[in-house]
Amino acid sequence: MSHPINVFSEIGKLKTVLLHRPGKELENLMPDYLERLLFDDIPYLEQAQREHDQFAELLVSKGVEVLYLEDLAAEALLNDEIKEKFVDQYLNEANIKSKTAKQKAKELLLALPTNRELIDKSMAGMQKVELPKFELSSLTDMVESDYPFVIDPMPNLYFTRDPFATIGHGVSLNHMYAETRNRETIYGQYIFDFHPRFAGKDLPRVYDRDDSTRIEGGDELVLSKDVLAIGISQRTDAASIEKMAKSIFAENMGFKHILAFNIGEYRKFMHLDTVFTMVDYDKFSIHPEIEGELVVYSISEGKDGLDIIREEDSLENILCKYLNIDKVHLIRCGGGNLTAAAREQWNDGSNTLTIAPGEVIVYDRNTITNKLLEEAGVKLNYLPGSELVRGRGGPRCMSMPIIREDI
Ligand SMILES: NC(=O)NCCC[C@H](N)C(=O)O
């Protein structure tokens with residue numbers, strides 16, 4: 001049976017990738033609600049779209065097939081029954097207090113002429129003023145609230161790295177840290193359940209969105225066909241990594257070890273891939289601020305369950321040991337200067353997307369880190385990211401590999 005997903009490394013030549021072009025959801029961001037929606041500023045949508053189009057064009061110019069989340073989600077709504085099931089689940093998870101408003105929102109969504117318009121609207125969110133006036137029949141309706149939305153926007157959707165992660169031939173359909181992002185995983189659920197490209201194929205689910213503990217794709221790295229690295233972070237619980245390990249080993253896709261990187265719970269590096277990414281067989285981009293306190297645990301399949309060891313060695317030696325390489329080159333974000341490192345990490349200087357061994361896509365703004373990558377022999381493709389980066393994500397965050405060539 002064919003495998004629609006093939007991701008056994010971070011660096012194998014990228015053949016197919018999933019993106020989401022930022023949409024109207026960015027125009028439903030308001031200063032008072034930025035923090036809850038995990039944003040630090042309000043991007044200029046048209047410029048963010050121009051930057052994102054450059055990202056997609058660069059990938060296409062490298063021979064990469066670019067899929068869009070919004071297209072796959074629309075195509076997954078194969079019939080009216082699936083469409084209504086999606087709308088009901090989406091509304092049930094949208095935290096709408098008023099029963100009448102929920103019904104009116106459902107009518108509005110189902111009246112949209114195409115599936116794509118329905119998906120776009122579901123991503124953008126819904127302001128109260130968009131609903132037709134209705135009689136305030138319940139106390140809930142009558143209690144005035146100045147909150148302008150009946151359904152929150154999902155502005156983080158263009159970070160397709162996080163709601164689900166491709167691992168080997170499978171997918172980790174994630175349970176996210178924050179409510180605002182957990183709704184994003186519904187699209188993955190319908191795509192993998194119903195889209196002809198994935199439904200009914202050999203596609204193991206190694207994590208499920210209904211699980212109780214949290215895990216996000218920015219913490220999930222496929223370092224090799226044998227080794228995963230998963231961050232214990234603000235977004236991913238240690239318990240989730242143990243569940244993932246049991247699931248991964250049971251699927252027999254070939255993975256032998258999971259390295260759990262405890263990077264602490266910080267908003268500025270909410271995921272492992274904001275401070276550590278793989279750019280070549282033996283080269284990694286890393287933010288120096290995590291190196292001091294970093295603790296790495298290795299998890300492998302034991303006779304009676306999982307064998308878990310706290311690794312008592314340098315990161316370089318741990319990576320050499322588990323990746324079977326003689327030497328590792330850590331390229332430090334911002335070089336040795338902590339001011340430059342902090343500034344450039346904040347703007348995703350370490351969040352590189354590797355499109356082939358030794359070739360990456362980076363934001364052009366992180367000049368010190370980029371120079372160090374180049375000096376290390378890495379081939380750089382530059383992306384303007386002034387508006388995209390306001391969401392606190394870089395090229396790796398904004399992409400989910402579907403197919404990489406094996407290395
Ligand atoms: N993999 C990543 O690092 N994704 C970036 C996510 C940024 C988004 N505003 C968030 O806080 O979840």
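Computation of the quantities below employed the complete heavy-atom set of this structure, encompassing side-chain atoms and omitting hydrogens, waters and symmetry-equivalent molecules. Just follow the structure's listing: the first ligand is 1, and inside any ligand the first atom is 1.
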Strictly below 4.0 Å, N to O, side chains only: are [X] and [Y] in salt-bridge contact?
| X | Y | result |
| --- | --- | --- |
| Lys283 | Glu10 | no |
| Arg267 | Asp40 | yes |
| Glu75 | Arg197 | no |
| Glu291 | Arg332 | yes |
| Arg36 | Asp152 | yes |
| Glu375 | Lys371 | yes |

Within the 4.0 Å heavy-atom shell around [X], which atoms of ligand 1 are there?
| X | answer |
| --- | --- |
| Asn156 | 8 (C), 9 (N), 10 (C) |
| Cys397 | 1 (N), 2 (C), 3 (O), 4 (N), 5 (C) |
| Gly218 | 1 (N) |
| Thr274 | 3 (O) |

For this session: Just go through Thr277, Val275, Asp162, Asp348 and tell me whose heavy atom is the nearest to atom 6 (C) of ligand 1.
Result: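 It is Asp162 whose heavy atom sits nearest to atom 6 (C) of ligand 1.
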For this session: Can you figure out which of Arg235, Arg181, Arg392 has its heavy atom closest to atom 11 (O) of ligand 1?
Result: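 Answer by nearest heavy atom: Arg235.
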For this session: Among Phe86, Phe164, Tyr68, find the one that has a ring pair (Phe, Tyr, Trp, His ring centres under 6.0 Å) with Tyr187.
Result: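 In the set Phe86, Phe164, Tyr68, the residue that makes a ring pair (Phe, Tyr, Trp, His ring centres under 6.0 Å) with Tyr187 is Phe86.
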Exercise. Is there any N or O on Phe159 that sits under 3.5 Å from an N or O of ligand 1?
Worked result: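 No, since none of the N or O atoms of Phe159 sits under 3.5 Å from an N or O of ligand 1.
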Exercise. Does an N or O anywhere in Leu38 fall below 3.5 Å from an N or O of ligand 1?
Worked result: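 Yes; the residue has a nitrogen or oxygen that sits under 3.5 Å from a nitrogen or oxygen of the ligand.
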Problem set entry | Which segment of Arg267 sits under 4.0 Å of ligand 1 when only heavy atoms are counted |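 Side chain only.
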Exercise. Just heavy atoms, cut-off under 4.0 Å: does Asn351 contact ligand 1 by side chain, backbone, both, or neither?
Worked result: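 For Asn351, there is no contact with ligand 1 at all, from either part.
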Exercise. How close does the nearest protein non-hydrogen atom get to atom 7 (C) of ligand 1, and which residue and atom is it?
Worked result: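 Nearest neighbour among protein heavy atoms for atom 7 (C) of ligand 1, to 0.1 Å: Gly391 O, 3.3 Å.
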For this session: Step by step, work out the side chain to side chain contact (heavy atoms under 4.5 Å, CB included) result for Ile215 and His175.
Result: CA-CA 6 Å; Ile215 189 168; His175 182 93; 5.5 Å; no
Exercise. Looking only at atom types and distance, does a side-chain atom of Thr369 sit under 3.5 Å from a main-chain N or O of Cys333, one as donor and one as acceptor?
Worked result: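 Looks like no, no N/O pair under 3.5 Å.
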Exercise. Can a non-hydrogen atom of Arg396 be found less than 4.0 Å from any atom of ligand 1?
Worked result: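 The answer is no, since Arg396 has no heavy atom less than 4.0 Å from ligand 1.
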Exercise. At a 4.0 Å cut-off, with the gap strictly under it, does some heavy atom of Glu216 reach an atom of ligand 1?
Worked result: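 The answer is no, since Glu216 has no heavy atom less than 4.0 Å from ligand 1.
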